[in-house]
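Just below is one structure, and these are the notes that go with it.
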Amino acid sequence: MSSRMLDVKDLAVSYGMITAVKGVSFNLDEGEIVALIGANGAGKSTILRTISGLERAKSGSIQFLGKELTKMPAHKIVEAGIAHVPEGRRVFPRLTVKENLMLGANIVKERSIIQQRLERTYLTFPRLKERQAQLAGTLSGGEQQMLALGRALMTGGKLMLLDEPSMGLAPIIVEDIFRIIKEINEAGTSILLIEQNAFLALQTASRAYVLETGLISIEGKSSDLLKDDRVRESYLGA
Amino acid sequence: MSTLMQFLVYGLQLGSVYALLALGYTMVYGIVGMINFAHGDFLMIGALGTFFLAQAFSSFAVNGTYSGLIVALILFTAMVGTGLIGVGVEAIAYKPLRNRPKMSALITAVGVSMFLENFPRALPFIGPSPRSFPMLFPTKRFQIQGVMISTTQIIMIVLSLVFMFILYNVVNRTKIGSQMRACSMDKDAAQLMGININRVISITFFIGAALAAASGIFYASIYPQVDVYMGGWLGTKSFIAAVIGGIGDIRGAMLGGFIMGITEILATSVNSNLGYAIGFVILILILLFKPAGIMGKLTIDKV
Amino acid sequence: MSILEIKNLSIEFGGLKAVDDFNLSLEEGEIIAIIGPNGAGKTTIFNMLTGIYAPTKGSIELNGESLLGLKPYQFAQKGIARTFQNIRLFAASTVIDNVKMAYTHQCKESFFECIFRTPKMVEEERKIDERAMDLLKAFDLESKADILAKNLPYGAQRRLEIVRALMLEPKILLLDEPVAGMITTELDDMAKMVRELRDKLGLTVILIEHHMNFVMPIADRIKVLNFGETIAEGSADEVQNNPDVIAAYLGGGYKNVITNA
Amino acid sequence: MKPLIRKLLPILGVVALYYLIMYLKSIKVMNPYHIQVLMFAGVNIMMTISLNIVNGFTGQFCIGHAGFMSLGAYGASIVTTMIFGGFSVAPNLRIPVFLLGLLAGGLVAGAVGLLIGIPTLKLKGDYLAIVTLAFGEIVRATLRLIEPIGAARGMIGIPPYTNFAWVLFFVVLTLIVARNFIYSKHGRACIAIRDNEIAADAMGINTTKYKIISFVFAAFIAGVAGGLYAHIMSFIQPDTFSFVKSSDLLVYLYAGGTGSLTGSVLGGLLLTVLPEALRTFGNLVNWRIVIYAVTLVIIMLYRPLGLCGGKELPLLKINRKHLYEKSIFSKKSVHPSETPN
Amino acid sequence: AETGKTLKIGVVSPISGSAALAGKYIVNGVKLLENELNAAGGVMNNGVLYPIEFVYEDNEAKEDITTNVYQKLIYQDEVIGIVGPDMSKCILAAGTIAQSAGCPAIGTFTTNVAVTQIGDYLFRACFIDPFQGQVAATFAWGEGYKTAAVLYNNADAYSKGLYEAFVQSYEALGGKIVETQAYSGADVKDYNVQLTKIAAAKPECVFMPNLLNEVPLQIQQARANGITVPLIGGDSWDTPEVAQVAGAENIKGSVYISAFSPDNPDPIAQKFVNDFKTAYNGDVPNSNAVLAYEAGAMLVEAIKNAKTVDRAGVRDALAQIQGLALPSGIVTVGEDRNPIKGAAILQYNDQGVATFLKNVNP
Ligand SMILES: Nc1ncnc2c1ncn2[C@@H]1O[C@H](COP(=O)(O)OP(=O)(O)OP(=O)(O)O)[C@@H](O)[C@H]1O
Ligand SMILES: Nc1ncnc2c1ncn2[C@@H]1O[C@H](COP(=O)(O)OP(=O)(O)OP(=O)(O)O)[C@@H](O)[C@H]1O
Ligand SMILES: CC(C)C[C@H](N)C(=O)O
Ligand SMILES: [Mg+2]
Ligand SMILES: [Mg+2]
């Protein structure tokens, strides 16, 4: 029985007057891939941003490997082992591809480890190696998504938060990226995944939570959710 | 010819003041993305602070000048002190506005500038009147082929180049430098790389304010008069200098500063009213042809 | 005669051939899809078709008139309207103002009529308002007319971008990934909408999209791009079974991963 | 009937305000010095509205707006003082000469706005801001060079034609005209540019043209305000219109709240009156600018979008629904969303 | 005696800002008068004793602030007359306001001719620049300086007017101006370019009719540029700080024209000097202090003699002042509302202390 890695309890987050997340509890075990699915504006990204310290929780707790994250500054959370691939890629536009990747390894001190990770990243994304000297801002959307993933790989986190990694990507790349996600997972990184394409999400994750306007409405094993009528109607369109 | 060379010396002397001040503008703009209109006032704080430090140390003075060690101590204290004030200003007045519209921070900076000028002005022991700045170290003058140069001028010009060189390498070659550049583009993403952006921004303000203090000390050494308003106009001009060079670029700030100083002196030699405006004319001309300044690169938003 | 004639359209960015000899002849009322891997040059084609980038080579003719050298706003005024891959609404303005803003060119109020608010100007304003409301109603947005665009749900923002483009009374509509980030149910609504645009308004549409179950059913023709070059062209069926397209774009697992949804 | 009342009420309000102030003056609650402070506030309100049109509604950062004010001040003063002889103008000609002067001030500022707008408005964001700063300083430097108008020493002996009534009149006129501008095709085009220039361009809006229109329009208003100012002060000098003045104007605008005319009125009024009011607290005199600065910083920290933060008094808005009310001019009509179908 | 209503007198001076050093002397000078009046209980006019209240305002040596302050004094404090400011440029800006309000205003040290030409409500307590320029030119010529150079501030009416007056007189005497250099703006601290050119012209003396805060830097930079000849200044030099900042080494031998010398043996002058010293722990009064005192005294005298104790009456009485004995001499207000007064020439010794050279009377 694998151990609990992330434990979110009664998390609520608001932006000024708007409460985007209204008391959400979920968890993730070491080695797992867990998906969060839900419509636009349901609060999925907000949850990830709060886990990685970019937003502050109004109430509730986030335990990661026994540490409480809600009061921890974002850069410490990275050091604690969480890598977040944010929505909309957020690569550093005026740095080159390589400089972006190197920043991913910002918290790593040993040169050899950095080099090793860089090689692994290039192996995973040959396109990035090809474009290593190009300014990231001029990459196409898909290329930027690869870079954002690559950059997160460079941090070497134990838990990776992925915010819509398939958004705007070609089917073959989506396939690739999900294959890579599984590889990354198999290599020992746990993954919390947000994905619009519910089918894809449920195929990849072992468990999933369905979020509706800031609250979790359905949760369970992916295989069960794939058969769930409510899920099928609203998210699988079948 | 020797007159021209003489003017060049004066231009470099003034230019080094602008350049040092411009470095701070460029750093803060480059990294935090704000035009810190209170930056010129750090120059004033440095100069005024040095004035009071020199008074405090006056028992060490011999014939009105100080030994090298004491001077170094005074300058170091003034720079560090001003640097810390810079950090404090950022923490109190700018940090809460970091995710707000740019202009809010800019207006706050105007308020901060008013405060920094008028608070000492209101204090009874400082007040509004100009004071004469002490001669910290004896200056020697000598002539080379009809051109007068003083040791103070040489020290100023050399030191400002040294500062720039160090800063350039820090930003482009060190880890903190790459963290600074990351912060400049996307603060959220920078945090996700494990960068402590508060620390990076504090360091940026510290360096900027400390360099402003240095330029204030230089300025007061050649024009030995200090008052609480001295930073305003110098600040505006140095900011223009930074933009001429390409704001956000360290070498550009230096280049802009010297261009500003030299053209100002040369234009004054044509007509005293021109000197005062030449920097602005140059600025417009340069921006029309190089919209991001001499060294600046304009980034294209991908549609 | 075709409405839009694109010949040998090419552009380079510092040696990189982003689009190479792209040709397209568009009939009125057609729906054309451009697909291809990321970075293939699809958005770049849109940028050239709207004057944002100047092509290094090639020609663009709308109803026989060359559009080369025009400014972006002139492309729009000639009748090419678009939406953006990353939504670009007038976020701080209301929904209806977003739509009215696209009517600047056709609107006939003079400056002095405006600042003195003459009866004629008020009458014109009322007409624009009605027009905009009609469009919003058609796209199910009329109840949102007076809220700020940035407060709309994502899917509604995408729709609003289309409504805004329609206010221009375009001949050709370019849609750049109209269903990116939408959930499956929203996807179907959008497909219906695009069809109606063609059927009811007779619009000609070019769309870029990576969601194959959106593209395949509605596109009359599909062009496939890779590294700036056209590698395939034809009906949905032809393209889907083209081995080059599968290798470069669709991938082996395409059928079972995507269409199952 | 309702629209008629809505149209007349504000006008009645303004007239009432005028008589209230005159009454307060006659019973010595207010003295001419207070009135003068209000006149400066009025000029500042006009300047702030003008700046708001460019910065707040078109999103083009102009931080050298005092340049336009100085052009207006000098333009108007040259007409009234140098061409028509200032104090020696026959009493019945004073008002026409004054108005002619203001018009000249506005036109000079507007024309220069056009001249510099064409090349510079292509620049984006901060760079445009910086160029406008430079523009303001170059205007100042140029005025300092012209001996016939007193060079750097300034122009003296300008007849004090501006009185409270004129200021009030022009402030109200500016508000009306600015409001009408904003709620028209021109205003919408400007706001579109502010919100997203690339999209505005793609929606067929000739962005350069509308930027220039807004710039010239604002410059004209600033010119008129400058003319009014000169005829209150009776003395003008290039250095009055330095970057410090421009940044004061920015402060009024952003403390009041951009994109809101109410904010411009509030910002211009409050921040002109505050430092003057502090002057009257004898022992605070030295601290008045400190207090002003702290107030400003606090406003910005607690209301980063300014006091009015994009909100507008209904009076200064034109509601879309009004288009469908029975107006006093035309006979129409009912709002389409209210027609059952 | 019967007591009338309290009369207010406005005092405008640069309490802060670039001329704050002068402002201190001005306020102190007027305060001396205020003390005298307080002791007397006020001013007696026609058997009625009018208490006097002074309202001090800071104009920061700026034109626009002077205008504001004039407005405030005239309309809010309803003063009967205004003393100050000291600078021509400031009163030139604000004078229109006093004139159109009909409130008498006496510039303390406003030497530019145009000041009293604004209108009949404007007066001054000092000599005018054409006279001062002539004194300076005559002195220079008398010392045997055949050539001169000038550095002046084109942004200041006083500086420009005095420069023109000097040149006119000097050339009339046969002197030659070999170089004229100007600068403008209060923010200028670098005069090196101008001084380099002046040095190259090798004049026998340099005339620098510039402002208090500018002069010390100019003296320093002149010496650094190798100008060793005597420097000649105008009334603005009359503050001890000028020499302190410039450095005794640099300023020694230089000469300036002043309205007053504390070495003046006249008993009234000496009484004033002593009173001032006692009141302000040993500070020696300068021309700013004396003229401010005298402007106040003129106003008080006018109140005493006024037919009607109101602004118009005081104005008329001011215009008629004759033979009023004041520290700097006997004052008679002339036709153009300018007093007829003499000048003193002072020279800096090796310690940088200004010492009396001679008096020149018109
Ligand atoms: N910075 C912000 N300020 C104010 N409101 C915000 C902000 N960011 C998000 N919101 C609001 O919070 C709610 C949740 O947003 P969130 O981005 O978490 O949704 P999501 O589930 O990730 O949606 P999507 O599928 O569109 O990414 C939305 O209503 C959104 O409008
Ligand atoms: N301004 C630019 N400068 C340099 N390269 C550019 C620029 N714009 C686009 N490119 C390059 O051109 C290529 C095509 O980009 P484009 O945005 O058209 O791709 P796309 O087909 O739309 O991809 P996606 O599906 O990911 O949006 C990419 O490799 C991109 O990096
Ligand atoms: C105090 C002095 C510098 C004033 C000078 N005489 C002037 O008229 O401006
Ligand atoms: Mg999201
Ligand atoms: Mg694209």
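Per chain, numbering begins at 1; letters A, B, ... match sequence-line order. All figures in this text were calculated on a predicted structure; none of them were measured in a lab.
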Closest approach of C/Met212 and A/Pro171, non-hydrogen atoms and distance?
CG-CG, 4.1 Å

Mind ranking C/Val179, C/Ile208, C/Asn38, C/Leu16 by heavy-atom pairs under 4.5 Å with chain A and telling me who comes out on top?
C/Asn38

Once you round to the nearest 0.5 Å, how far does CG of A/Asn197 lie from CG of C/Asn213?
8.0 Å

Just to verify, what does A/Asp176 make a salt bridge (charged side-chain N to carboxylate O under 4.0 Å, His left out) with, not counting sequence neighbours?
A/Arg179

Only pairs under 3.5 Å count here: list side-chain donor-acceptor contacts from residues 129-136 of chain A, not counting sequence neighbours, and write none if there are none.
| from | atom 1 | to | atom 2 | distance (Å) |
| --- | --- | --- | --- | --- |
| A/Arg131 | NH1 | A/Gln134 | OE1 | 3.0 |
| A/Arg131 | NH1 | A/Glu143 | OE2 | 3.2 |
| A/Gln132 | OE1 | A/Tyr122 | OH | 3.4 |
| A/Gln132 | NE2 | A/Lys129 | O | 3.4 |
| A/Gln134 | NE2 | A/Thr138 | O | 3.4 |
| A/Gln134 | NE2 | A/Thr138 | OG1 | 2.8 |

Roughly how far, to the nearest 0.5 Å, is NE2 of C/His211 from CG of A/Leu169?
9.5 Å

Which atoms of C/Ala40 approach chain A - backbone, side chain, both or neither, heavy atom under 4.5 Å:
neither

Minimum heavy-atom separation for C/Pro37 and A/Ala170, please, with both atom names.
CA-CB, 3.8 Å

Does any heavy atom of chain A fall under 4.5 Å from the side chain of C/Ala18, the backbone, both, or neither of them?
neither

Non-hydrogen atoms of chain C under 4.5 Å away: do they reach the side chain of A/Ala39, the backbone, both or neither?
both

